[in-house]
Amino acid sequence: MADTPRPPLPEAPAAAPLPEAADGPYDPTAVETKWYRYWEDGGFFHADTEAVTSGEKEPFVIPMPPPNVTGRLHMGHALQDTVQDLLIRLKRMQGFEALWIPGIDHAGIATQNVVERKLREQGLDRKAMGREAFLTHVWDWREEYGDIILKQKRRLGDSCDWRYSRFTMDEGFSRAVQEVFVRLVEDGLVYKGEYLVNWDPENQTVISNEEVDNVERSGSLWTVRYPVVDADGTDTEAALMIATTRPETIPADTAVAVHPEDERFQHLIGQRVRVPVGNRLVPVIADEAIQMDFGAGALKVTPGHSEVDWEIGKRHDIEVLSIMNLDGTLNDLAGAYAGMERTAAKKQIVADLDADGYLVKTEDYTVMTPISSRSKAVIEPLLSPQWYVRMAPLAERALAVVNDGTVTFHPARWANEYRRWLEDIRDWPISRQLWWGHRIPVWYHTTEAGEIDDSRDFVVSVDQPEAGMVQDEDVLDTWFSSWLWPFATLGWPAGEGAEGPVADTSPFPMASPEALRAFYPASVLVSGYDILFFWIARMIMAGLHFTDRVPYRDVFITGMIKDTQGRWMSKSLGNGIDPLDMIEQYGADAVRFTLAVLCAQGQDIKLDPAKFEGGRNFANKVWNASRVFGRSIETDRDGRPTTDARRTRAFADLSLVERWVVTRLGETTESVTASLGAYRISEAAQTVYDFVWNDFCDWYLELIKPARGEDGEIQNLDAETLAVAVETFEGALRLLHPFMPFLTEELWWKQRPRGPREALIACDWPTPDPTERDTEAVHLFSTVQSLVGAVRQVRAQYGVAPSKPLAVTVSVGGDHAEATARALEDVRGYIERLARVDDLIIAADAPKPDASAAVVVDRHQVFVPLAGMIDLDAERERLRGEIEAKRGFLASVERKLANENFVSRAPEAVVGKERQKRDDATAEIAALEANLADLG
RNA sequence: GGGCCCUUAGCUCAGGGGUUCAGAGCGCUCGCCUCACACGCGAGAGGUCGUUGGUUCAAAUCCAACAGGGCCCACCA
């Protein structure tokens with residue numbers, strides 16, 4: 001099946017006219033919407049299967065973690081999307097067929113709750129209206145609000161191929177989910193069983209262990225007396241003291257347990273005790289699980305309401321009683337307490353025990369309480385029939401692919417967390433007692449009366465097997481669809497050669513066997529560690545089981561965004577930072593760049609909104625940088641550039657600063673490419689920032705910047721200078737584009753005339769030209785930088801106005817002083833301009849003028865005559881201090897060199913470096929001392 | 001109870017055997033509206049890299065213990 005044809009390409013929007021010199025800072029708003037529309041309309045985000053299947057391009061694929069349909073964009077999305085878009089744009093530029101698959105998750109419980117709450121506000125009740133009507137409301141809600149977050153993501157600049165966008169409950173996806181259930185049943189990996197589950201009485205559904213948070217709560221530990229009875233069931237004098245935090249479950253006690261080696265209770269093992277609530281007679285059993293030193297050393301066994309007890313009960317074949325209803329009230333088995341809510345029942349039972357003389361002791365106690373991460377309700381362990389996935393076989397393969405490196409975690413330490421979870425995996429309860437979700441594809445026969453006929457076997461089938469059968473009421477866990485994301489989005493199972501239902505489902509033209517072949521497995525998954533178990537691990541299991549391949553090669557785990565105090569951002573705390581507000585305030589590029597800088601190796605980010613100022617300032621810096629030489633680019637009436645500045649000089653014929661800046665750009669390119677390749681996002685951001693700000697702007701632009709002519713007008717740069725400026729700047733724009741797509745695209749179009757498809761987004765990622773590298777130039781230029789720095793230092797120290805020209809003598813030292821002096825002579829203009837010097841003498845070992853300040857840099861000296869301005873005492877003091885520091889340094893170097901072990905064992909290069917340091921330091925000290933002596 | 005992470009400048013954090021590794025941003029001090037940018041420019045101050053041991057010619061960097069802070073797992077009722 002062919003991809004939909006690309007939409008006709010629009011003309012490139014005219015770049016906005018360059019602002020006049022007096023214009024204010026960069027204003028991102030108009031720029032961002034303009035370019036997003038251009039990219040999207042122009043099909044620049046598109047990934048086509050043909051390019052891959054024909055072998056023309058390698059695929060690079062990222063499946064976006066589908067945000068919840070109830071979601072609004074938050075900082076976590078902004079961070080993760082920044083990383084994903086960065087990688088996608090980088091790879092697209094590097095010539096990959098880059099596909100970022102977006103979508104939405106139906107988010108079972110969350111969505112059902114949101115809609116239910118909304119209906120309640122309108123006076124409507126979910127249960128009263130019934131399943132079908134309620135689901136209509138949910139779908140309406142989804143239509144109305146469900147895509148908001150994807151629209152918000154466009155503001156960030158996300159370059160997803162929206163044609164691939166999927167919803168976990170769209171037709172094809174639902175089909176895939178049900179298909180998966182059926183296959184797992186066939187494979188013997190799904191079973192139904194009645195076990196103790198985590199029951200959420202609020203939402204009245206089962207949830208998985210991963211959805212339960214254990215929190216410490218202050219509670220009580222009650223010690224209760226259980227009388228031992230004789231053979232007739234009559235109380236004896238003896239009794240067992242039992243400590244419990246959950247007296248409301250006493251009516252469900254079906255045994256009492258002690259440790260088999262506990263001396264105190266040997267004689268009681270096998271006897272019976274009377275449960276002081278309900279007076280049930282239960283056996284005393286012995287089990288290793290009992291802690292002798294806890295409480296009085298005896299445990300009440302309540303297999304129907306406690307996980308530990310369930311295990312103990314199983315070992316000893318103890319009766320299981322369930323005394324609770326699904327809404328958290330006690331049932332008839334609780335006798336007098338039937339109908340009471342569980343917390344009320346707890347109070348009442350304690351009061352009654354106390355009144356009847358069974359309560360021995362009440363202590364304050366910190367109880368680990370299981371809480372539903374969804375509803376925050378206290379979880380009740382409850383006996384309930386549910387569907388489970390047998391996880392051990394799936395986990396085994398998922399472990400293997402991480403252990404053998406088929407899947408790599410970044411940073412690597414998350415692989416340990418992953419292993420730990422998989423090695424101790426438990427079966428996954430996948431049924432949920434909800435209405436919003438994928439209906440379980442299990443069908444039951446019915447009786448004449450329309451009831452489910454338990455006497456006949458159920459049938460597992462995607463479609464209704466025969467008329468009259470009814471489908472299981474329950475739906476599947478949300479994650480039971482999410483775990484198929486990387487392949488179900490592409491049309492699986494249609495790609496398996498089966499006559500798939502997806503291939504001809506018109507709303508998803510991109511899902512096809514070809515797409516699956518071309519774009520699966522994905523390349524990298526970017527996600528937070530909060531869903532490592534929920535999603536990341538399960539996707540790997542599903543990928544291996546259903547497609548026999550890993551769903552992605554790399555997993556990039558980001559840190560989580562916290563507030564300035566390190567707390568999770570949450571609605572209830574009101575400490576959230578809205579990314580859209582930040583984009584309004586600072587611009588999307590600024591937000592992205594800031595997040596990229598902060599995104600260091602999986603550490604959590606304590607985010608202060610003021611940090612976005614840094615990104616904004618940088619965006620502004622880049623914007624203004626282009627104006628320096630941008631003035632020299634001619635434009636037509638629409639503001640489009642007409643000057644096509646191209647370099648004609650060979651690299652060797654460039655000026656020193658040009659060879660320097662081109663070399664630096666090459667180094668930067670190499671470094672940024674390497675950092676991004678290793679997922680060191682912040683390092684890459686920092687590197688390109690440093691180049692643009694410190695090298696390109698502070699030195700290069702300062703030197704080429706046009707001066708005003710005689711008439712006071714700003715002059716244009718000559719064509720050759722302009723060409724290098726434009727080309728270098730274009731190189732920086734390419735490097736910056738993945739970080740700051742809008743700004744860079746805007747500036748890109750201002751540099752020279754371009755055709756409609758020559759957008760920056762579609763440009764090649766730069767590779768440095770090895771012949772355009774000049775380490776000599778770098779070295780000489782750094783000497784210039786030092787000398788300029790020295791003059792500026794003198795200026796600042798003596799309070800000489802920056803505008804006042806100075807006379808300066810540079811005494812060049814070092815091994816090749818004459819040659820260095822000649823080289824510096826060639827670029828004397830640099831020093832004159834940057835240090836504002838109007839009388840510059842450069843010579844090897846030039847004499848020191850009278851009454852001048854002296855600064856030693858490297859092996860050179862800079863003399864600035866400042867008659868009458870020098871405080872001799874202060875100058876002496878300063879020199880002495882400097883000499884002392886230098887001597888200390890020299891001493892440490894000499895100590896090192898005197899060390900036999902060091903000289904013989906350290907690499908030659910390291911030793912050589914130390915020798916060089918020694919020689920330089922010695923020379924510098926000599927120079928400093930001469931200066932000091934000169935002061936008298 | 002097990003495991004992981006963090007502790008570096010006033011603040012937020014990079015760096016992860018060898019003086020380009022003692023750094024960045026913010027803040028602070030001093031001087032500048034220098035004709036791209038005050039969302040700016042120039043010059044500075046400010047850390048014995050949590051503590052103690054060890055490995056090494058060499059430790060902020062590797063190892064161990066300890067002290068703080070945080071996170072994740074876990075059935076002491």
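In this structure, A/Lys621 reaches the bases: a heavy-atom distance under 4.0 Å links it to at least one base atom across the strands shown. Counting non-hydrogen atoms under 4.0 angstrom, A/Ser682 reaches nothing in the nucleic acid. In this structure, A/Arg420 reaches the sugar-phosphate backbone alone: every heavy-atom distance under 4.0 Å involves primed, P, OP1 or OP2 atoms, never a base. At a threshold of 4.0 angstrom between heavy atoms, the contacts of A/Thr302 with the nucleic acid are absent. When heavy atoms are screened at a 4.0 angstrom cut-off, A/Lys705 is found touching base atoms of the nucleic acid. In this structure, A/Asp309 reaches neither bases nor backbone, as no heavy-atom distance under 4.0 Å exists between it and the strands shown. The residue A/Glu613 sits apart from the nucleic acid: no heavy atom pair falls under 4.0 Å. Contacts of A/Asn416 with the nucleic acid, taken as non-hydrogen atoms under 4.0 Å apart, are absent.
With respect to the salt-bridge test (charged N to carboxylate O, under 4.0 angstrom), the residues A/Arg878 and A/Glu882 qualify.
Taking only side-chain nitrogens and oxygens, A/Trp693 comes nearer than 4.0 Å to OP1 or OP2 of B/C41. Not one side-chain nitrogen or oxygen of A/Asn620 sits closer than 4.0 Å to the OP1 or OP2 atom of B/G40. Between B/A43 and A/Tyr798, no contact under 4.0 Å exists linking OP1 or OP2 to a side-chain N or O. Distances shorter than 4.0 Å separate some side-chain N or O of A/Lys606 from OP1 or OP2 on B/C13.
A/Ser782 and A/Gln785 form no side-chain donor-acceptor contact under 3.5 Å, judged by distance and modelled atom types alone.
Counting only distance, with no hydrogens or angles, the side chain of A/Gln751 and the backbone of A/Leu747 share a donor-acceptor pair below 3.5 Å. Side-chain atoms of A/Arg833 never come within 3.5 Å of backbone atoms of A/Ile704 as a donor-acceptor pair (strictly under, hydrogens ignored).
A cation-pi arrangement is absent between A/Lys361 and A/Trp222 under the rule of less than 6.0 angstrom and at most 45 degrees off the ring axis.
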>> Once pairs are restricted to Watson-Crick or G-U wobble with both distances under 3.5 Å, how does RNA chain B read as a dot-bracket string, [ ] for crossings and | for other-strand pairs?
In response: (((((((..((((....[....)))).(((((.......))))).....(((((..]....))))))))))))....
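Atom CD of A/Glu210 is separated from atom P of B/C73 by 9 Å (rounded to the nearest Å). Between the CZ atom of A/Arg915 and the P atom of B/U19 there is a distance of 17 Å, given to the nearest Å.
Interatomic distance, OH of A/Tyr529 versus CZ of A/Phe409, reported as 15.0 Å (0.5 Å rounding).
Between the side chain of A/Glu914 and the base of B/A58, no donor-acceptor pair of N or O atoms lies under 3.5 Å.
The shortest heavy-atom contact between A/Ala298 and A/Leu240 is CB-CD2, 4.1 Å.
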